[in-house]
Amino acid sequence: MAILHVSDQSFTTEIKKGLVLADFWAPWCGPCKMIAPVLEEIDIEMGDQVRIIKLNVDENPETTRAFGVMSIPTLILFKDGEAVDQMIGFQPKSVLTELISKQA
């Protein structure tokens with residue numbers, strides 16, 4: 001599955017069903033650039049267990065505010081529309097895969 005870029009308008013719909021990892025990011029953010037290839041690898045390896053979506057915080061302030069995102073990257077794991085876990089900052093692949101596996 002491919003990583004999907006979402007907006008304030010589509011975010012709620014995209015997190016409603018199943019396990020979804022939301023990456024709150026911005027193009028100017030160094031750690032966001034570092035975590036992008038890690039998320040790509042996870043998408044390839046675990047795409048059948050989790051969908052990954054990305055929300056640009058600069059372009060989508062409503063959703064960013066609604067989830068209290070103050071630092072980026074912020075990764076929030078949703079299960080059927082409910083936030084079940086959250087991490088802030090760059091995380092190694094092993095930490096993220098373990099986070100996902102606990103909920104899958």
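Nothing fancy with the numbering, it's 1 onward along the sequence.
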Less than 3.5 Å apart, which donor and acceptor atoms pair up between the side chains of residues 94-104 and the rest of the protein, not counting sequence neighbours?
{"unit_1": "T97", "atom_1": "OG1", "unit_2": "K93", "atom_2": "O", "d": "3.1"}
{"unit_1": "T97", "atom_1": "OG1", "unit_2": "S94", "atom_2": "O", "d": "3.1"}
{"unit_1": "S101", "atom_1": "OG", "unit_2": "T97", "atom_2": "O", "d": "2.8"}

Taking side chain as C-beta onward, heavy atoms only, is L75 less than 4.5 Å from I35?
yes
State plainly whether one hydrophobic cluster holds both M87 and V69, where clusters connect Ile, Leu, Val, Met, Phe, Trp and Tyr through side-chain heavy atoms under 4.5 angstrom apart.
no
Within 6.0 angstrom of E62 CD, more than 12 heavy atoms from elsewhere:
no
Could you pull out all donor-acceptor pairs under 3.5 Å where a side-chain atom in residues 16-34 meets a protein atom, sequence neighbours excluded?
{"unit_1": "D23", "atom_1": "OD2", "unit_2": "K54", "atom_2": "NZ", "d": "2.7"}
{"unit_1": "W28", "atom_1": "NE1", "unit_2": "D58", "atom_2": "OD2", "d": "2.6"}

Hydrophobic clustering (ILVMFWY, side-chain heavy atoms < 4.5 Å, transitive) - are V57 and I88 grouped together?
no
Minimum side-chain heavy-atom gap I72-T64 below 4.5 Å:
no
Residue pairs fulfilling side-chain hydrogen bond (donor to acceptor under 3.5 Å, both in side chains) with at least one residue in residues 74-92, sequence neighbours excluded:
none
With a 4.5 Å cut-off on side-chain heavy-atom distances among I, L, V, M, F, W and Y, is there a chain of contacts connecting M46 to I3?
yes
Measure the CD1-CG distance between I53 and L39 for me, rounded to the nearest 0.5 Å.
11.5 Å
Expected output: side-chain R51 to main-chain L4 donor-acceptor under 3.5 Å
no
Is there a side-chain contact between I76 and F67, using heavy atoms and a 4.5 Å cut-off?
yes
Pair L77-V50, side-chain contact (heavy atoms from CB on, under 4.5 Å): steps then yes or no
CA-CA 9 Å; L77 187 63; V50 65; 4.3 Å; yes
Min side-chain heavy-atom separation H5-N56 under 4.5 Å:
no
